[in-house]
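Working notes, structure below.
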Protein chains: 2
Amino acid sequence: MKLQQLRYLAAIVENDLNITAAAERLHTSQPGVSKQLKQLEDELGFPIFLRQGRTLTRVTPAGKRVIDRAQKILKEVQSIKRLADEQKGDGRGSLAIGTTHTQARYVLPQVIRRFRERYPDVELHLHQGTSEQIADMAARDRIDFAINTGSQELFTNLVLLPCYRWHRRIVVPQGHPLASEGKVTIEMLGKYPIVTYVFGFSGPSSLQQIFARHGITPQVALTARDADVIKTYVRLGMGVGIVASMAMDPREDSDLVSIDASHLFPAHSTWAGFHQGALLRSYMYDFLQLLAPHLTRRLVDRAGNAATPSDVEALFTDVELPVYR
Amino acid sequence: MKLQQLRYLAAIVENDLNITAAAERLHTSQPGVSKQLKQLEDELGFPIFLRQGRTLTRVTPAGKRVIDRAQKILKEVQSIKRLADEQKGDGRGSLAIGTTHTQARYVLPQVIRRFRERYPDVELHLHQGTSEQIADMAARDRIDFAINTGSQELFTNLVLLPCYRWHRRIVVPQGHPLASEGKVTIEMLGKYPIVTYVFGFSGPSSLQQIFARHGITPQVALTARDADVIKTYVRLGMGVGIVASMAMDPREDSDLVSIDASHLFPAHSTWAGFHQGALLRSYMYDFLQLLAPHLTRRLVDRAGNAATPSDVEALFTDVELPVYR
DNA sequence: GATATTTACGTCCGCCGTAACTATT
DNA sequence: AATAGTTACGGCGGACGTAAATATC
């Protein structure tokens with residue numbers, strides 16, 4: 001019997017006996033969870049779950065008792081970890097983050113909610129700004145982590161950990177002609193006024209260049225610094241919006257239609273950076289992993305100890321980053 | 001954090017912070033325990049034990065709290081296992097063993113004491129007899145396990161698992177001339193009357209042949225079936241006893257002197273046998289492992305599934321058996 | 001056909017044991 | 001010298017992920 005098996009068991013129960021969902025929550029593969037459950041049941045010698053064919057349907061009476069004890073065990077394990085945090089003074093402390101609107105508004109809220117559950121006494125400081133402002137905060141040592149998209153060249157003194165990649169989505173009001181098209185093209189976009197971020201004015205991924213490659217000049221109706229402003233003006237019918245995919249909330253934005261545009265614009269990479277050689281407190285490692293599950297303590301330490309930026313990159317060549325599309 | 005680490009931690013505490021003793025109790029290596037402890041402490045980020053140089057001296061206050069929780073966890077784990085036993089009906093059942101005097105009198109008592117702690121409701125039947133009688137019990141399916149020394153040829157229908165090897169010791173009253181000799185030789189033995197088991201009368205390991213190789217005829221004063229009888233007559237001064245090393249109890253036999261004779265007589269191998277294909281209950285696996293720690297469930301299963309006796313042997317070629325000397 | 005789970009298989013990490021070394025009595 | 005613990009290292013089992021098969025709806 002291993003703790004891992006008990007964790008998997010608890011996750012399966014948490015996810016209503018759906019092994020696939022449990023595996024996702026655990027950031028591992030579904031066959032792995034399936035196998036560990038089977039091993040546990042084999043070791044115990046009786047089934048924890050009833051099955052209909054291959055689907056788990058119910059918990060057996062004996063299984064219920066195992067689950068209760070497993071949860072008790074996991075709680076004790078947690079309690080040991082808490083204890084360790086207190087001991088190290090890790091329950092207290094502070095975490096200062098510099099980041100952009102998109103991350104602060106759409107990605108970090110969930111991360112921070114889970115972080116606060118785990119570390120209610122860590123002081124959190126969130127500083128929003130442009131890439132340049134964030135770089136400045138980092139240079140002045142005002143922040144522990146910089147979280148930004150692109151602009152790596154501004155942060156040469158930081159260790160940059162790739163977190164996830166994301167695409168843009170096209171946003172239109174319900175009933176807009178584009179909403180009923182299959183795959184949107186640059187040509188189709190060119191027919192409507194555009195409401196979007198301040199795309200770079202030069203460089204191969206600037207809005208101008210991308211349209212120019214199709215021989216089209218975009219009609220930019222409005223450029224904003226953040227997606228909320230963009231969505232607001234799309235709602236007012238000022239034009240077709242182009243926003244980060246994370247900025248679309250299925251519930252809040254149910255009055256809008258958003259369309260995959262991953263084939264039109266290149267993907268963006270969001271990364272988290274910290275000063276090389278900085279001593280990370282354990283809650284900082286945990287924060288990073290909440291932000292991007294592949295950022296294990298191991299990996300972060302290796303990156304922090306890497307000699308050159310290209311050594312850091314090498315660590316991530318085999319890692320598949322999450323993609324928001 | 002792994003359950004293994006918590007088990008090791010508990011064992012260290014149980015053994016008064018002596019890592020070596022803990023490792024022995026756990027039937028594993030000392031460096032392994034040492035390393036796991038260090039890993040646990042590293043993960044927690046603070047020491048569980050205080051050290052003077054390399055020796056563990058005391059438990060830190062925080063360590064105490066970790067230990068308490070670890071013990072709670074291990075208790076819950078135990079409770080899950082008990083639950084599994086009940087579920088399978090393994091708390092109840094019976095275990096019938098056929099064995100010889102030496103095992104029944106000197107080896108099994110400790111094994112059975114620990115077994116009863118774990119399985120108070122399993123009915124135990126211990127049948128003492130000669131090898132032939134045990135073979136007969138096995139043939140009639142009266143016993144689950146046969147435990148015997150040598151005589152493999154009588155048990156060709158059983159899967160035989162080597163348990164341990166043992167040597168004979170020479171037993172004399174205090175003050176006997178042999179007690180003050182360094183290394184006893186066959187020649188020296190030849191000068192005294194011998195009190196021993198019924199050695200085989202033919203075969204290369206018979207008492208006669210071994211003495212004959214040195215050109216000596218032993219003066220056998222008495223042959224008995226068991227060590228208790230032999231020790232009784234040694235106490236009466238009838239001669240020099242030769243008994244199994246396990247038969248000597250430091251406390252009970254403090255009035256006798258026993259001398260290593262492993263260089264004079266070949267080692268004996270005690271094995272445990274069961275019918276090939278028999279379905280072993282989990283308490284039976286546990287019994288075997290209490291008898292001989294290397295008999296893990298894995299190994300026993302493999303032996304039970306082996307096609308031929310030589311396949312079984314092959315499983316044990318790399319296993320180092322305990323030796324009583 | 002789509003979804004969910006198991007089976008099969010290859011890779012790689014980490015546990016364990018041996019041996020050598022170091023510290024302590 | 002003997003005892004206790006750590007470091008170093010090789011072997012091997014087992015966990016994990018990918019891919020394919022299978023069952024269920």
Side-chain angles (χ1 to χ4, degrees), chain A residues 1-9 11-13 15-43 47-58 293-294 296-299 301-302 315 317-322, chain B residues 1-9 11-43 47-58 293-294 296-302 314-322:
Chain A
M1 190 185 310
K2 282 163 296 182
L3 282 179
Q4 186 91 315
Q5 292 169 338
L6 301 184
R7 287 194 199 99
Y8 285 11
L9 173 60
I12 292 171
V13 173
N15 288 274
D16 304 320
L17 313 197
N18 180 325
I19 294 185
T20 303
E24 267 164 30
R25 163 78 85 92
L26 293 162
H27 305 299
T28 184
S29 72
Q30 180 275 322
V33 177
S34 203
K35 193 193 259 179
Q36 291 301 317
L37 171 63
K38 171 174 280 199
Q39 280 189 16
L40 179 59
E41 288 185 323
D42 281 353
E43 180 178 343
I48 295 175
F49 299 107
L50 291 171
R51 287 155 169 87
Q52 276 187 5
R54 300 187 151 192
T55 316
L56 308 187
T57 53
R58 297 183 43 222
H294 67 277
T296 59
R297 182 172 187 140
R298 262 182 83 81
L299 192 57
D301 274 339
R302 283 201 205 161
L315 291 171
T317 46
D318 288 343
V319 177
E320 188 149 346
L321 300 181
Chain B
M1 190 184 311
K2 282 164 298 183
L3 282 180
Q4 188 90 316
Q5 292 169 338
L6 302 183
R7 286 195 199 99
Y8 285 10
L9 174 60
I12 292 171
V13 173
E14 289 270 314
N15 287 273
D16 303 321
L17 314 197
N18 180 325
I19 295 185
T20 303
E24 266 163 31
R25 162 78 87 92
L26 294 160
H27 303 300
T28 184
S29 73
Q30 180 274 322
V33 177
S34 201
K35 196 191 254 178
Q36 290 302 316
L37 171 62
K38 170 175 282 200
Q39 281 190 15
L40 178 59
E41 288 185 324
D42 282 353
E43 180 178 344
I48 296 175
F49 298 107
L50 291 172
R51 288 156 168 85
Q52 277 188 1
R54 300 186 150 188
T55 316
L56 308 186
T57 53
R58 297 183 44 221
H294 65 279
T296 59
R297 182 170 187 142
R298 262 182 82 82
L299 191 56
V300 174
D301 274 341
R302 283 201 203 161
L315 291 171
F316 288 91
T317 46
D318 288 342
V319 177
E320 188 150 344
L321 301 181

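The chains referred to below are lettered A, B, ... by the order of the sequence lines, with proteins before strands, and numbering in each begins at 1.
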Practice problem: Just do the side-chain contact (heavy atoms from CB on, under 4.5 Å) check on A:I48 and A:I12 with the steps written out, would you? | Solution: CA-CA 11 Å; A:I48 295 175; A:I12 292 171; over 6 Å; no

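In this structure, B:T20 does not reach the D:dT3 phosphate: none of its side-chain N or O atoms is under 4.0 Å from OP1 or OP2. Put simply, A:K38 has a side-chain N or O that comes within less than 4.0 Å of OP1 or OP2 on C:dT7. Side-chain nitrogen and oxygen atoms of B:R298 include at least one within less than 4.0 Å of the OP1 or OP2 phosphate oxygen of D:dG14.
Atom OH of B:Y8 sits about 12.5 Å away from atom CG of B:L40, to the nearest 0.5 Å.
In terms of modelled atom types and a separation under 3.5 Å, the side chain of B:E41 and the main chain of B:F49 share a donor-acceptor contact. Distance alone, capped at 3.5 Å, places no donor-acceptor pair between the B:Q52 side chain and the B:T57 backbone.
Each of A:T28 and B:K35 lies near DNA chain D, and the nucleotide nearest B:K35 is the one positioned closer to the 5' end. Judged by closest nucleotide on DNA chain D, B:N18 is the one of A:Q36 and B:N18 placed further toward the 5' end.
Counting to the nearest Å, the C1' atom of D:dG5 and the CD1 atom of B:I19 are 7 Å from each other. Across the protein-nucleic acid pair, A:L56 atom CG and C:dT3 atom P stand 19 Å apart, rounded to whole Å.
Other residues, nucleotides and ligands place more than 12 heavy atoms under 6.0 Å from the CZ atom of B:R51.
No engagement by B:E320 is indicated, since no non-hydrogen atom pair under 4.0 Å with the nucleic acid exists. Heavy atoms of A:Q39 sit under 4.0 angstrom from primed sugar atoms or phosphate atoms, though from no base atom.
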Exercise. Let me have a per-nucleotide readout for nucleotides 20-25 of chain C, 5' to 3', with B, S or -, counting only protein heavy atoms under 4.0 Å.
Key: --BSS-

